[in-house]
Protein chains: 4
Amino acid sequence: MSSTKPPRVHAPRLAREQRVDEILLAARELFCEKGYETTAVAEIALKLGVVEGTIYKYFATKRELLLKVLEYWYEEMFGDYARDLAGQSSHRARLHLLIWRHLRSVRDFPRLCRLMFREVQSEHDYRGTLLHDLNRRYTQLLVDVIEAGVAGGEFRADLPAPLLRSLVYGGIEHHSWNYVCGRGALDIDSLAEQLTSLVCEGIAVHQSSQPSTPVRGEGRKRGASA
Amino acid sequence: MSSTKPPRVHAPRLAREQRVDEILLAARELFCEKGYETTAVAEIALKLGVVEGTIYKYFATKRELLLKVLEYWYEEMFGDYARDLAGQSSHRARLHLLIWRHLRSVRDFPRLCRLMFREVQSEHDYRGTLLHDLNRRYTQLLVDVIEAGVAGGEFRADLPAPLLRSLVYGGIEHHSWNYVCGRGALDIDSLAEQLTSLVCEGIAVHQSSQPSTPVRGEGRKRGASA
Amino acid sequence: MSSTKPPRVHAPRLAREQRVDEILLAARELFCEKGYETTAVAEIALKLGVVEGTIYKYFATKRELLLKVLEYWYEEMFGDYARDLAGQSSHRARLHLLIWRHLRSVRDFPRLCRLMFREVQSEHDYRGTLLHDLNRRYTQLLVDVIEAGVAGGEFRADLPAPLLRSLVYGGIEHHSWNYVCGRGALDIDSLAEQLTSLVCEGIAVHQSSQPSTPVRGEGRKRGASA
Amino acid sequence: MSSTKPPRVHAPRLAREQRVDEILLAARELFCEKGYETTAVAEIALKLGVVEGTIYKYFATKRELLLKVLEYWYEEMFGDYARDLAGQSSHRARLHLLIWRHLRSVRDFPRLCRLMFREVQSEHDYRGTLLHDLNRRYTQLLVDVIEAGVAGGEFRADLPAPLLRSLVYGGIEHHSWNYVCGRGALDIDSLAEQLTSLVCEGIAVHQSSQPSTPVRGEGRKRGASA
DNA sequence: CATGAATGAGTGTTCATTCAT
DNA sequence: AATGAATGAACACTCATTCAT
């Protein structure tokens, strides 16, 4: 009969920064497990033993939360690239390092990759984001290596660096998709080798080992284009 | 006061197949215009002058409808590949043709590509689909060409064909993403050239140091890429 | 153990028009009882034994529902004004009729008045509404009577009709506010008399019964204005 | 990564009264700019460089804050009415003064009027408020003038003073509504003249048929009314 | 005296899908 | 074969208010 108003139980008071980190972490996990759309803000709150409103104190919108989660991740990824790259003895080795490290990221956080590609990059509000910038700086590393390699005479001149970048990152993405979706494994060492080799040497048999290059002449004729 | 009741005009009864085609067409257009999630089944019905229930007579779920739309598209894409490939004089030319035709598909139906990638391939129910099968057969064409080229001595032995496939299709996907998302254009002729060259000759300067077909003049320019 | 999915129980199927009327009625009642903001769409649905979505089938938004409720009411109010006004023997009598009928509306649907004034007229989206138009046509009736009275020599020339209209409708509104808010009664017969008299004869003692008009001269001097 | 914690700067401790004034001022401004419902307590706090809790130290609820804001305003409005009224030479002049001063208030603080009418007077908790009392004393001024005018023989006997009060204040409210809602201007001098004249002389042509001060030339023109 | 983290209840709106007619 | 009324579950976001520090 006596209707006792349940006493307000507060979650432990945390410093702003701690809370923010907590939320980012919980959100990352849930977004990875269930995807962005399928994760309700309420779930994130529940996971923290907190109330929805609390999350909105720190992140204006669910999407902002997603963006921040990914920014967080990118910042982790940058790590000590500069030093590591400098330590390599050739541009090919540097390229190999970039490929290998990217594969490692994909292997370690496959769902984040998926989020990045599915939920973020395809939306119109992506451009101009801090995240967009981070992404560009990240993939720019590869472009830089290519250009240095060209300058150093290790790579052919006039390479279309942006296309190469797409080839590498897009190729990795495509090839890891099954893994990212939870099927199969990812042998990053062997893949990194193969990729580097493909990109550097190409698939064609070179003249040194075989005389004829009829292929190349043909290529110019433009298959079905024109 | 209360809005006048619209006269009950039954939509003409069409042969089942005709209806199905009608629906697929309308759905394709709307999905392309607005995306899958953002298109309501009601809208598709409206566009046909039909009622929601009618659509569910032919397609069990909205998702099935999406899948069928894409299957239709894939069947279109196969077209007369076999004959066209046979008409090429070298494996390099065949590779170039595949790349060029894929780029053409991307250019002509960017939204369908986007749907394929964003809405379908990443979902768990994709495996085992007819669509999945179609997609595999489609990309298998490239694998076949590679293997034939290897067998014919035109390409290096022991190439990791599946990885190559990912490189090509993933690379194209990645590079066209901006275009697919409505930003920029897509010069498919030049891209096809560059891609074929990159894949065949690689980026490294060859020991033989022969002038080695430089990747044609596009240098730093970027297609629609970010 | 056996989890039986509860069978979907549908509310009785009604013709579109009937449902619309039902909803308008229920909404009117609840808006009147509890006010617009305080009434949840869910409540209206509940009252009809229907689900929220059903209401949104017929009304795009809660606000549209409010507007329609009020339009409905205005259309009732217009009734057979034209004929009734024509039956009056003088313009003063017509004015009295308008005042009396308006008071009757206020008495019968005080909460609707309140809604009209509080929730609708003060919002920016009011202008250009059908409701706005209805309201103008309604109050225009008074302006017409005034002008006819002027033309017929019964009322003074050069009356500021719109101001008069405000005086009458605003005055009634103000005076009925307590009643509208649920306090006290509303003797519409006596009020109509008094109002008509005040508006027609004014408060000043007329010369016919008293010689001096010092008041009027004073008036011109402008109290504290200038 | 996580946003940098803002340095904890305590707002300077002010004397209680000073704080109260500050809050009232900020609240008034925001309520006027954005309306009551649309202004969040947090915004008021922000404007003061203070925290929400602080405001609740001085005002138990948001609504109490609104009420106090309006009380403040009423107290300003009273100003030196008594002296000014006494300075008028006739009751008609006094009436004119009251009307003019009220119009001036409306013109100068339209949003406060709107708040008063929309948010306060229509709520059930209004009765018995200090604000209610202030409002009554304010409008009572007019009743007093009327009664004095009757006693002095300047106005007709047996006037329904409260109805008259409604006529004047309600009429002004109604007529200024567009202005209050941000549309059009308000010519208070001319309006005051017209209103006084209408109230005093009425609209009817008097039997004596004396030239009877026509309501000054404004004819059909409308103030800011709809 | 001031902070500011946390609450918690609330709500309009959307949509794929079902099914009686 | 088609209709179209009805379902029902879901969800992002807001905000006045409380209270431990």
Side-chain angles (χ1 to χ4, degrees), chain A residues 6-16 18-19 37-43 45 48-63 65, chain B residues 6 8-16 19 37-43 45 50-58 60-63 65, chain C residues 6-16 18-19 37-43 45 49-63 65, chain D residues 6 8-14 16 19 37-43 45 50-58 60-63 65:
Chain A
R8 259 196 198 193
V9 180
H10 281 242
R13 292 199 141 216
L14 261 49
R16 181 180 186 85
Q18 274 174 59
R19 233 340 146 223
E37 301 281 12
T38 358
T39 300
V41 175
E43 286 176 280
L48 294 169
V50 150
V51 137
E52 278 180 86
T54 302
I55 290 182
Y56 281 94
K57 259 271 153 132
Y58 300 98
F59 299 91
T61 138
K62 187 187 175 189
R63 188 161 180 82
L65 182 50
Chain B
R8 182 152 176 161
V9 180
H10 277 239
R13 294 195 171 192
L14 296 180
R16 182 174 183 84
R19 260 273 181 257
E37 302 280 12
T38 358
T39 299
V41 175
E43 284 176 281
V50 151
V51 138
E52 295 169 78
T54 304
I55 290 182
Y56 281 92
K57 268 279 185 287
Y58 298 96
T61 85
K62 187 187 175 190
R63 188 160 178 82
L65 181 51
Chain C
R8 262 197 196 191
V9 180
H10 282 243
R13 293 196 142 218
L14 261 49
R16 181 179 185 85
Q18 275 174 58
R19 237 332 150 227
E37 302 280 12
T38 357
T39 299
V41 175
E43 286 176 281
V50 150
V51 138
E52 280 178 87
T54 302
I55 291 183
Y56 281 93
K57 260 270 155 142
Y58 300 98
F59 300 91
T61 136
K62 187 187 174 190
R63 189 160 178 83
L65 181 51
Chain D
R8 183 149 174 163
V9 180
H10 279 239
R13 294 197 171 190
L14 296 180
R16 180 174 185 87
R19 259 272 182 256
E37 302 280 12
T38 357
T39 299
V41 175
E43 286 176 281
V50 151
V51 136
E52 294 170 78
T54 306
I55 290 183
Y56 281 91
K57 268 277 184 285
Y58 297 96
T61 88
K62 186 187 176 191
R63 188 160 179 81
L65 180 52

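Below, chain A is the first sequence line, B the second, and so on; all start at residue 1.
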Legend entry - 5'-most by nearest nucleotide on DNA chain E - C/Glu52 or B/Ala42: C/Glu52

Legend entry - 5' precedence on DNA chain E between D/Thr54 and A/Val51 (nearest-nucleotide basis): D/Thr54

Inset, instruction - For B/Thr38, answer base if it contacts any base atom (sugar-phosphate contacts may also be present), sugar-phosphate if it contacts only those atoms, and nothing otherwise; contact means non-hydrogen atoms under 4.0 Å. - result: nothing

Legend entry - Pairwise 5' ranking along DNA chain F for C/Leu14 and A/Glu37, keeping only the more 5' one: C/Leu14

Legend entry - C/Glu43/C/Lys62 ion pair, N-O < 4.0 Å: no

Legend entry - Whole angstrom value for the distance that separates C1' of F/dA16 from CD of D/Glu43: 13 Å

Inset, instruction - List the atom of C/Ala45, the atom of C/Val51, and the distance in Å for their closest heavy-atom pair. - result: CB-C, 3.7 Å

Inset, instruction - Check whether any side-chain N or O of C/Arg19 sits under 4.0 Å from OP1 or OP2 of F/dG4, and answer yes or no. - result: no

Legend entry - For atom CG of C/Leu65 and atom P of E/dT13, their distance in whole Å: 10 Å

Legend entry - Nucleotide forming a Watson-Crick or wobble pair with F/dG8, both distances under 3.5 Å: E/dC15

Legend entry - Options E/dG12, E/dA16, F/dT17, nucleotide nearest the side-chain atoms of B/Lys62: E/dA16

Inset, instruction - Would you indicate what C/Phe59 reaches in the nucleic acid, counting non-hydrogen atoms under 4.0 angstrom: base, sugar-phosphate, or nothing? - result: nothing

Inset, instruction - Assign each of D/Ala60 and B/Gly53 to its nearest nucleotide of DNA chain F by heavy atoms, then name whichever residue's nucleotide is nearer the 5' end. - result: B/Gly53

Inset, instruction - Drop me the distance from D/Lys57's NZ to D/Arg19's CZ, to the nearest 0.5 angstrom. - result: 12.0 Å

Legend entry - Any C/Tyr56 side-chain heavy atom under 4.5 Å of C/Val41 side chain: yes

Legend entry - C/Arg16 side-chain N/O to F/dG4 phosphate OP1/OP2 under 4.0 Å: no

Legend entry - Side-chain N,O (A/Thr61) to OP1/OP2 (F/dC13) below 4.0 Å: yes

Inset, instruction - Return the value, rounded to whole Å, for the distance between atom CD1 of B/Ile55 and atom P of E/dC15. - result: 15 Å

Legend entry - Distance (rounded to the nearest 0.5 Å) between A/Leu48 CG and A/Thr54 OG1: 9.0 Å

Legend entry - Atom-to-atom span, OH of D/Tyr56 to P of F/dA20 - whole angstrom: 18 Å

Legend entry - N or O in side chain of B/Tyr58 less than 4.0 angstrom from F/dA2 OP1/OP2: yes

Inset, instruction - Please give the nucleotide sitting opposite F/dA1 as a Watson-Crick or G-U wobble pair, both distances under 3.5 Å, or none. - result: none

Inset, instruction - From the options F/dA12, E/dT14, E/dT17, select the nucleotide whose nearest atom is closest to the side chain of B/Val41. - result: E/dT17

Inset, instruction - Please work out if C/Lys57 contacts a base, only the sugar-phosphate, or nothing of the nucleic acid, heavy-atom cut-off 4.0 Å. - result: base

